[in-house]
Amino acid sequence: MKLKEKRWKKEFEEEIRRMWREKNEYRFDENTKKPVFSIDTPPPYVNAPVHIGQATTYVLMDMFARFRRMIGYEVLFPLGLDRNGLPIEVAAERKFGVKMNEVSRERFVELCKKLLEEYSMKSTETFYIAGISFNSWEIGTRAGDVYLTDMPEYRKLTQETFIDLWNKGLIYEDVRINNYCPGCRTTIADAEIEYDERPTVFNYVKFKVKETGEDIVIATTRPELLCTCKMVVFNPSDERYKHLNGKTAIVPLYNIEVPIRPHPIAKPEMGTGLEMMCSFGDTRDIQFFREMDLQPVIAIDQNGKMNKHAGFLEGLEVLEAREKIVEMLKEKGMIVKQEKMMHRIPICERSKDAIEFIAMPEYYLKQMEFKDKIRAIADKMNFYSPKSKQILLDWIDSIKIDWAISRRRYYATEIPVWYCKKCNHPYVPPKGKYYQPWRERPPIERCPKCGHKEFRGEERVFDTWFDSSITPLFILKYSRDNNFFEKHFPCTLRPQGKEIVRTWLYYTLLKCYLLTNKQAFRDVWINYHILDEKGKKMSKSLGNIIDPQKVMERYGAEPFRFWAAIEGNLEKTDFKCSFNRIEGASKFLTKYWNIARFVSLFDPIKKPKHLTELDKWVIKELNMLIKYTRERYERYDFHGPAVKIKHFLWEVFASHYIEMVKNRAYNQDNKFSKEEQESAIYALHEVLEKVTRMLAPIIPFITYRIYKDIYGKNVHKMQFPSIDKFAIKEELSISSNDIIALNSAIWKVKKDAGMSLKSKVRLLTLPVKFKPIEKDIIFTHNIEKIEYKEGISVKLEQ
RNA sequence: GGGCCGGUAGUCUAGUGGUUAUGACGCUGCCCUUACGAGGCAGAGGUCCCCGGUUCGAAUCCGGGCCGGCCCACCA
């Protein structure tokens, strides 16, 4: 059938995407006989609209999925939504004007749920518009259904993994110095820390030396921690302070006596070269206290306020305490000078509050002893691109303590433990149910240890990565359907951003290894970032966020998708979001549509016995393109093929092949034999049909429509084109470069002479290798006489 | 300080050890060529960051430098 419309319009997309959804076109068949290709998609957080980076990476993942279907896989490609944790709590606090700790837990959880209901599936709209072929758009628990990280089945699995790990003896509780975010009121992991430059004041404070009575000056940004000072150090090479070695410093205001020692941690050029070591101002202090085996004094409590150790500062917040103590020191003339400086401090990546170092009892999952195992697992997986593996290895190297998995929040998966009120014995229930210990009784009557009947339910919840790290287990029905899981684990592909390698990827590998002894994935695809048009990171504060829905409203999904493929290689680099270039992509769609429209003027026909030389050439080019494309697609590279397909279609097929073959395909004056004509028509369709199949994973709407209209079939149900070995081996006297050079030369001469392209050429001389396509040359360029010599020359009619 | 990536026309970008370096946007000119005027064709525009090396030959490979970006570590 012929294509009617003069151009592809974005409005054509809607009907196709609705049909896919209504027909459940991409549903996952659990009983399939095909090999399964499973994609562990990153669940986006629901409280914000999908941003352009997510949209781009999902579009790329969709290309992976669509391609795999075309080479015979049953593809597990579910959509998950992350709904646990801090972002929703913060949003609820803001929206309902409450503070988590000031309302009942019941009430707070209710408010979070209310808000989540409002968000519901709104954020998935963008994916739907973009034509992502998720298995399903309905929330459910079958393989391929949309899943939520806070649905009971999911939380149950999160708890089951805890129960298994507990029973394996891999989880323990300990009181340790840990990163504590006063804003979020919870311990956080190293992976959740970021750094920020903040202004601070460097205070030069006078200490007294007990033995000699002399004043020494120590510079500090944390004067409120004076009470926690345990030692004063100078660099061993620092001649100025050698005489202080072994003497005692007296901490001002508190009159605590602390030893003065040389230690390389002190840099002579910083401040006065003397440093007070506190517990704890930063991670250096923690290392130092550990190394010197000093007893820390913790002066900051869980609310970020000074406690009794701080004496007269008790009850003040850290910053208030700092101001107050500086005032007091000033009054007593103990501050020699103050310098303003910018200071890089650790902050909470979520609330952006300054981290404090506080000792609290937390649950830990052992990881230190498995570092080598995880490294070995990393070696077993294929990384795309290979260099991304280094991000993971670097992170594994830098892990210093076990993973603190408990958090003091409300809207997250509860830690399933009860404690006997009498003997405090922890009770971990059996698997099989979603537990909420803070509101439920345990499933036993009496403490297994002492027989007491009263229990205290655990109130803490899991670190959000503790539940995010089981996505491949959940989607492959771990513990719900062992047959299915055993058959399909490890998961085939983990696609994700480079910024969560140390969290999502690492924790997933760790937990899956501890639970299954296996690598979680066969392939890992790491993508970089989408930047704004100027190359800046998009962020709310800069106000440079581009909404992918707006982009698609303006141009349609297809230009966006084609842009995502052709723009660059996200595996290797960041790339910029440019409207110009998305618009440029839509021009390709117009071109492609019109090529298809031209080819559709002729009915598809069977391969004739003999193909002309020119047709053999274009089919050989096509097959080389198929070979390249298929190899690259298998390695998750859609960029290289998109560039090459576009170039072939536009610069070779349309500009040269079609121009040269038009006359023969129409054959209006019967200048060509029927077989020659059929050879042309066959080749035109051969190229269009196969290129359409190659483009189907990238631009699924337009290819669907073209294929349906012309060939009457669903392109997405077709096999990916394979190579015609004979066509590719064909020995031909002319190459693409020859043909392009010849046509361009003739067109240029006519142009320069101000003549129409149809005007007559009196004499064309050209190399003999063009002889086999002589007839096509003559009728394309209206040649009167042809001669074979070295070089190309064109003589026009005078 | 450690690691990774990049530097190609006014802007953005592809690319490969081998004639004349890809394309987009912008710019100039021409064209109702029966698939395409939201198009086609032609054209202008480049020390392919710098220096050195390997090579018959380097924008491409190697070393060094400069610049930019990102990640990690550290900063009293």
Side-chain angles (χ1 to χ4, degrees), chain A residues 2-3 6-9 195 197 200 202-205 218-223 225 229 232-233 265-267 269-278 281-285 287-288 341-346 385 387-388 390-391 393-395 397-398 498-499 501-502 528-529 531 533-537 563 566-569 572-576 578-602 639-640 642-644 646-647 650-651 654-655 658-659 662-663 665-666 668 684 688 737 741 744 747-748 750-752 754-759:
Chain A
K2 291 173 180 49
L3 295 182
K6 270 206 147 186
R7 63 183 59 247
W8 169 258
K9 292 202 184 87
Y195 289 84
E197 292 279 338
T200 188
F202 211 16
N203 300 285
Y204 288 71
V205 181
I218 296 173
T220 177
T221 58
R222 302 290 304 263
L225 293 177
C229 176
V232 169
V233 294
I265 196 168
K267 296 275 180 294
E269 66 280 7
M270 282 296 288
T272 61
L274 285 170
E275 177 178 6
M276 67 167 193
M277 303 311 293
C278 296
D282 58 39
T283 45
R284 287 169 70 251
D285 291 334
Q287 281 168 25
F288 184 83
M341 60 186 273
M342 288 306 281
H343 186 195
R344 214 169 154 230
I345 56 160
S385 64
K387 64 167 196 185
S388 303
Q390 201 54 43
I391 305 174
L393 295 178
D394 288 350
W395 174 245
D397 285 344
S398 70
K498 64 172 177 180
E499 74 285 0
V501 167
R502 60 183 187 157
Y528 282 63
H529 285 290
L531 309 171
E533 295 205 60
K534 290 177 195 127
K536 285 251 184 308
K537 233 183 193 169
W563 167 82
I566 206 164
E567 178 66 22
N569 193 343
K572 287 190 186 153
T573 47
D574 296 338
F575 61 69
K576 292 171 199 168
S578 145
F579 289 100
N580 264 344
R581 295 171 69 86
I582 293 173
E583 217 173 318
S586 71
K587 289 191 175 171
F588 168 72
L589 298 179
T590 305
K591 189 73 189 178
Y592 169 49
W593 180 263
N594 279 296
I595 289 167
R597 206 158 80 91
F598 171 73
V599 176
S600 78
L601 295 175
F602 310 97
H639 165 66
V643 170
K644 280 223 186 336
K646 179 185 169 194
H647 185 260
W650 204 320
E651 308 301 329
S655 296
I658 289 184
E659 289 304 330
K662 253 182 200 172
N663 288 304
Y666 285 121
Q668 275 164 335
L684 286 169
L688 176 68
N737 283 342
S744 303
W747 286 327
K748 184 164 169 24
K750 289 184 177 178
K751 281 274 172 203
D752 290 348
M755 300 178 73
S756 131
L757 295 183
K758 282 188 290 190
S759 59

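Protein chains get the first letters and strands the later ones, always in sequence-line order, with residue 1 at the start of each. FYI, side chains are in, hydrogens and waters are out, and symmetry mates aren't considered; it's all heavy atoms of this structure.
Minimum atom distance to the side chain of A/Trp650 is reached by B/G40, of the listed B/G40, B/G3, B/A76. Nearest to the side chain of A/Lys498, among B/C70, B/G15, B/A76, sits B/C70.
At a non-hydrogen distance threshold of 4.0 Å, A/Lys591, A/Asn594, A/Ile595, A/Arg597, A/Phe598 from residues 588-598 of chain A come into contact with RNA chain B.
Legend: residues meeting salt bridge (Lys or Arg N to Asp or Glu O under 4.0 Å) with A/Arg222, ordered by chain and number and at least two apart, are A/Glu224, A/Glu356. Taking the side chain to side chain contact (heavy atoms under 4.5 Å, CB included) definition, one finds that A/Val501 meets it with A/Ile391, A/Leu392, A/Gln496, A/Leu505, A/Ile526, sequence neighbours left out. Scored by the ring pair (Phe, Tyr, Trp, His ring centres under 6.0 Å) test, A/Tyr528 finds no partners at all (sequence neighbours excluded). Considering only residues two or more places apart in sequence or on other chains, A/Thr590 meets the side chain to side chain contact (heavy atoms under 4.5 Å, CB included) condition with A/Arg7, A/Asn594. Not counting sequence neighbours, the partners of A/Glu499 by the side chain to side chain contact (heavy atoms under 4.5 Å, CB included) test are A/His529. A/Lys591 is linked by a salt bridge (Lys or Arg N to Asp or Glu O under 4.0 Å) to nothing, counting only residues two or more places apart in sequence or in another chain. Qualifying salt bridge (Lys or Arg N to Asp or Glu O under 4.0 Å) partners for A/Lys662, counting only residues two or more places apart in sequence or in other chains: A/Glu659.
A distance of about 28 Å separates the P atoms of B/U13 and B/G52, rounded to the whole Å.
Both distances falling under 3.5 Å, in either a Watson-Crick or a G-U wobble arrangement, place B/C61 opposite B/G53.
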I'd like a list of close polar pairs between nucleotides 25-31 of chain B and the protein, N/O only, cut-off under 3.5 Å.
residue : atom : partner  : partner atom : Å
B/C25   : OP1  : A/Lys587 : NZ           : 2.7
B/C25   : O2'  : A/Asn580 : ND2          : 3.4

